[in-house]
Amino acid sequence: MDKQTTIAFILMGIILVVWLYFNSPEPQPHVPNTSDTTLTSKQTEPKKDTVAKTAKAEPEQTAKQAEEETNTNQPEATGVFAPSKKKGQIITIETDLAMIELTSKGGKIRKCYLKDYGTWYYRNVDENDFYNRHVQLINQTNGGDLDLIFVTQDGQLVNTSKLDFQSSADTYYYRISGNDSLVVTYTFVVEKGKEIKKQFVIYGDNYQSKFNVEMVNMNNIITGLRYDVEWANGLNFVEENSKDEATYSNASAYSGDELLIIDASSDGEEVKKDINGKVDWISIKSKYFAMILTPKTPSSDGGASFEGIHKEIPGLGEREYYKASLKVPFKNLNDQKDSFYLYLGPVDYHILKSYAKNYEAIFDFGSFFGLKFIIRPISEYILLPLFTFLHSFIPNYGIVIIIFSIIIKIALYPLTKQSYMSMRKMQKLQPKIAEIKEKHKGDQQKIQKETMGLYKTYGVNPAGGCLPMVLQMPILFALFTFFRVAIEIRHESFLWIKDLASPDYVYSLGFTIPFVGVDKITILAPILGITMFLQQRMTVKDPSQKAMVYVMPILMTFLFMSFSSGLNLYYLMFNILSIGQQYYINNKKGDDLVPVKGSDKKGGGFMQKMMDAAEKQKKLQKQPTTKKRKF
């Protein structure tokens with residue numbers, strides 16, 4: 001490579017390294033919440049094992065205290081709306097997809113376990129221990145979530161979170177499946193004839209349930225023009241790497257075909273946002289799971305409000321908690337009924353899209369320095385469909401990733417071929433360029449002119465190796481984020497890899513390497529670094545640029561130590577294929593430098609423009625400067 005091409009590649013490398021650095025996850029200690037216990041009736045209680053051996057209740061207590069601190073203390077209501085100290089009655093509803101607990105305390109959701117998604121430590125838990133093997137999404141602060149908030153005519157701010165509701169359930173455990181549904185109604189009697197009703201409609205094979213609110217003769221109790229439906233405590237953090245999970249956690253509102261994201265992204269940061277007008281839905285999401293609350297009939301008199309905080313909890317790592325509320329117009333009717341849809345489930349693109357409510361907008365395909373409009377179409381319409389298609393007939397995701405990398409390599413072959421051939425020609429021109437430099441030592445203009453002439457004679461574009469690489473970068477960045485957020489590869493194994501969504505750590509150093517922050521070693525990252533080293537050896541021939549051969553692979557190896565093994569597996573296969581392609585091009589016979597026809601004719605091409613510019617610059621330097629006479 002010549003000097004200009006080398007500089008271009010160095011700049012591209014710096015951009016790539018900086019982007020990867022700021023987007024790389026950082027390993028953080030995490031303590032599993034294995035203290036969950038759920039009691040149903042003795043006849044129907046699912047079999048449970050003892051608490052997992054990895055349980056550490058003391059740090060979880062610290063977490064709970066920290067979570068409670070994130071909620072603003074508000075004056076409690078008095079009289080009939082005073083918080084009750086009575087324990088709530090819990091019912092368990094088992095569906096094909098989840099195990100849901102509802103409580104009469106606040107008439108709300110207490111817990112929600114997803115059957116198809118395990119805790120990060122599930123392999124260390126007895127297979128009969130359902131509750132410690134499956135993720136539980138509801139944050140236990142205040143005993144659950146989904147409350148109603150309103151102001152009474154005597155000025156009290158009422159939150160139904162701690163009120164005692166009466167349940168319509170006649171047992172403690174229900175099992176529904178397929179198209180079956182279950183209706184559970186919670187009623188709080190303010191006084192005779194005046195009631196607040198919260199009704200849940202749970203479906204057997206759906207992550208989305210229906211939530212109905214009915215205000216019976218509350219028009220002379222509630223003041224103002226609205227009440228709020230509030231999700232106050234965010235979602236449970238359920239991944240081992242809390243920093244990575246916090247990176248992808250946020251709250252959002254979908255309105256006017258646009259997604260407004262509320263994100264407390266730095267330690268100690270608090271964010272607030274208030275929206276007035278029609279809101280289609282609100283959401284709180286973590287890396288892989290989400291809550292979405294949707295009014296059945298969005299109103300232009302409605303709105304939403306959000307609060308969020310990002311903090312680091314000693315012993316647990318980073319946390320982000322969000323409060324999201326839907327503003328519901330209160331119409332001052334004797335009997336007002338409002339309906340909502342509540343989604344509690346995975347951030348799975350296809351599942352979200354199946355509801356036809358634009359839920360898939362919360363799926364984070366990533367960006368390149370904020371340019372989401374470039375990355376999202378590539379991932380949404382090319383990478384994800386291809387990945388899904390391959391898995392439709394290949395059950396193992398590790399093999400899917402390998403086949404996926406081969407297909408992407410074939411698709412990019414024309415660009416990489418042009419890049420490698422251009423670099424190969426530049427390498428062959430290096431002796432001739434060296435002769436020109438020696439012949440015209442000290443005359444930079446002459447060297448530049450004859451070098452450009454040399455490029456023109458042999459039909460070489462000095463930028464020919466860079467442009468194809470630049471065109472590939474959006475695809476590579478899209479792939480980077482895609483493999484980090486794809487829930488499909490979460491907990492999927494391949495060979496020695498236990499989880500394709502996490503680094504394949506095999507050894508802990510016991511200390512942290514300064515500057516790079518690495519304290520654990522993986523298998524894939526060093527192998528990936530070796531392939532990068534081999535690529536550099538095949539590309540860089542100039543002795544003055546040998547440092548690149550060693551520095552870049554080492555730096556990238558440290559960066560990739562914290563990346564998911566699925567991503568590293570993809571890049572490893574891509575690099576191996578690239579090495580093979582580059583070796584073939586470098587050793588291809590009949591690829592000697594041959595002057596191109598018509599190279600002696602003056603044209604208007606890129607090389608000619610560069611030569612003309614060099615000639616013009618030389619003439620300007622030769623013109624004598626006229627000194628002004630002094631008087």
Side-chain angles (χ1 to χ4, degrees), residues 66-72 108-109 112 137-142 144-149 159 161 207-208 211 228-239 242-295 298 302-312 318-328 340-348 352 355 357-367 372 485:
E67 290 164 6
E68 291 174 348
E69 290 173 2
T70 65
N71 295 286
T72 303
K108 57 188 176 181
I109 299 177
C112 179
L137 301 185
I138 309 299
N139 189 328
Q140 285 297 285
T141 305
N142 294 329
D145 229 319
L146 202 58
D147 303 311
L148 305 180
I149 298 177
N159 187 328
S161 177
Y207 287 110
Q208 182 171 265
F211 175 61
D228 292 354
V229 180
E230 181 180 79
W231 190 276
N233 306 304
L235 293 176
N236 257 349
F237 267 50
V238 297
E239 304 302 324
S242 64
K243 181 178 178 66
D244 191 41
E245 189 170 14
T247 299
Y248 289 95
S249 297
N250 60 55
S252 60
Y254 192 83
S255 176
D257 294 327
E258 292 185 2
L259 185 70
L260 175 64
I261 296 176
I262 295 87
D263 188 12
S265 57
S266 58
D267 185 28
E269 181 181 3
E270 297 184 32
V271 293
K272 292 184 179 181
K273 186 68 178 180
D274 195 72
I275 302 172
N276 293 312
K278 182 179 177 181
V279 174
D280 296 314
W281 47 261
I282 60 174
S283 171
I284 296 175
K285 70 178 285 290
S286 58
K287 182 176 182 179
Y288 291 120
F289 304 99
M291 180 285 302
I292 304 176
L293 184 61
T294 307
S305 61
F306 299 90
E307 293 181 19
I309 185 171
H310 184 123
K311 64 191 312 179
E312 186 163 346
E318 297 190 22
R319 292 288 189 272
E320 284 186 22
Y321 300 111
Y322 293 94
K323 178 190 295 185
S325 303
L326 272 177
K327 302 176 184 178
V328 183
F340 308 86
Y341 297 104
L342 175 65
Y343 176 88
L344 275 173
V347 182
D348 183 303
L352 294 171
Y355 292 101
K357 293 183 176 68
N358 297 305
Y359 289 170
E360 69 274 12
I362 69 171
F363 195 96
D364 187 0
F365 285 106
S367 65
K372 290 187 176 182
V485 300

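- When all heavy atoms are compared, the tightest approach of Ala361 to Leu259 is O-CD2, 3.3 Å.
- Using modelled atom types and a 3.5 Å distance limit, the side chains of Glu320 and His310 yield a donor-acceptor pair.
- The closest donor-acceptor contact from the side chain of Asn276 to the backbone of Gly303 lies at 3.5 Å or more, if one exists at all.
- Taking the centre of each ring, Phe306 and Tyr322 stay at or above the 6.0 Å mark.
- Identified under the side chain to side chain donor-acceptor pair (under 3.5 Å) test for residues 282-294, with sequence neighbours left out: Asp244-Lys287, Thr294-Tyr359.
- Note on ring orientation: taking the six-membered ring where Trp is involved, the planes of Tyr321 and Phe237 are tilted (angle from 30° to 60°).
- Contact annotation: the side chain of Glu318 never approaches that of Asp267 to less than 4.5 Å [non-hydrogen atoms, C-beta and beyond].
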Working note: Val229 + Phe340, criterion side chain to side chain contact (heavy atoms under 4.5 Å, CB included); need CA distance, chi angles, decisive distance, verdict. CA-CA 10 Å; Val229 180; Phe340 308 86; 3.7 Å; yes
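- Closest heavy-atom contact between Ser305 and Asp274: CB-OD1, 3.5 Å.
- Looking only at side-chain heavy atoms (C-beta outward), Asp228 and Val328 stay at 4.5 Å or farther from each other.
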Between Glu269 and Val271, does a side chain to side chain contact (heavy atoms under 4.5 Å, CB included) hold up when you go through it step by step? CA-CA 7 Å; Glu269 181 181 3; Val271 293; 3.5 Å; yes
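- Ion pair Lys108/Asp147 flagged as a salt bridge, since at least one NZ, NE, NH1 or NH2 atom sits closer than 4.0 Å to an Asp/Glu carboxylate oxygen.
- Nearest heavy atom pair, residue Ile275 against residue Ala253, reads CD1-CB, 3.7 Å.
- The shortest non-hydrogen separation linking Glu245 to Val238 is OE2-N, 3.1 Å.
- The two residues Gly234 and Asn139 have their closest heavy-atom pair at O-CB, 4.2 Å.
- Within the 4.5 Å cutoff, side-chain heavy atoms of Leu352 are placed close to those of Ile362.
- In this structure, CG on Leu293 lies 8.0 Å from CZ on Phe211, to the nearest 0.5 angstrom.
- At least one side-chain heavy atom of Ile109 sits under 4.5 Å from a side-chain heavy atom of Ile138.
- Cation-pi geometry between Lys357 and Tyr341 is satisfied (NZ or CZ under 6.0 Å from the ring centre, within 45° of the ring normal).
- Looking only at side-chain heavy atoms (C-beta outward), Tyr207 and Tyr355 come within less than 4.5 Å of each other.
- In terms of the ring-ring contact (aromatic ring centres under 6.0 Å, His included) criterion, Trp231 has no residue partners (sequence neighbours excluded).
- Of all heavy-atom pairs spanning Ile262 and Ser252, the tightest one is CD1-CA, 4.2 Å.
- Scanning for side chain to side chain contact (heavy atoms under 4.5 Å, CB included) contacts around Asp364 gives Tyr248, with sequence neighbours left out.
- With values rounded to the nearest 0.5 angstrom, Glu258 atom CD is found 11.5 Å from Ile261 atom CD1.
- Put simply, the side chain of Leu326 reaches to within 4.5 Å of the side chain of Val279, judged on heavy atoms.
- A distance of 5.0 Å separates SG in Cys112 from CG in Leu344, rounded to the nearest 0.5 Å.
- Side-chain contact between Leu146 and Leu342: present, with at least one pair of heavy atoms (C-beta onward) separated by less than 4.5 Å.
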Please evaluate residues Leu260 and Lys273 with respect to the criterion side chain to side chain contact (heavy atoms under 4.5 Å, CB included), reporting the C-alpha separation (whole Å), side-chain torsions for both, the decisive distance (0.1 Å), and the verdict. CA-CA 10 Å; Leu260 175 64; Lys273 186 68 178 180; 3.8 Å; yes
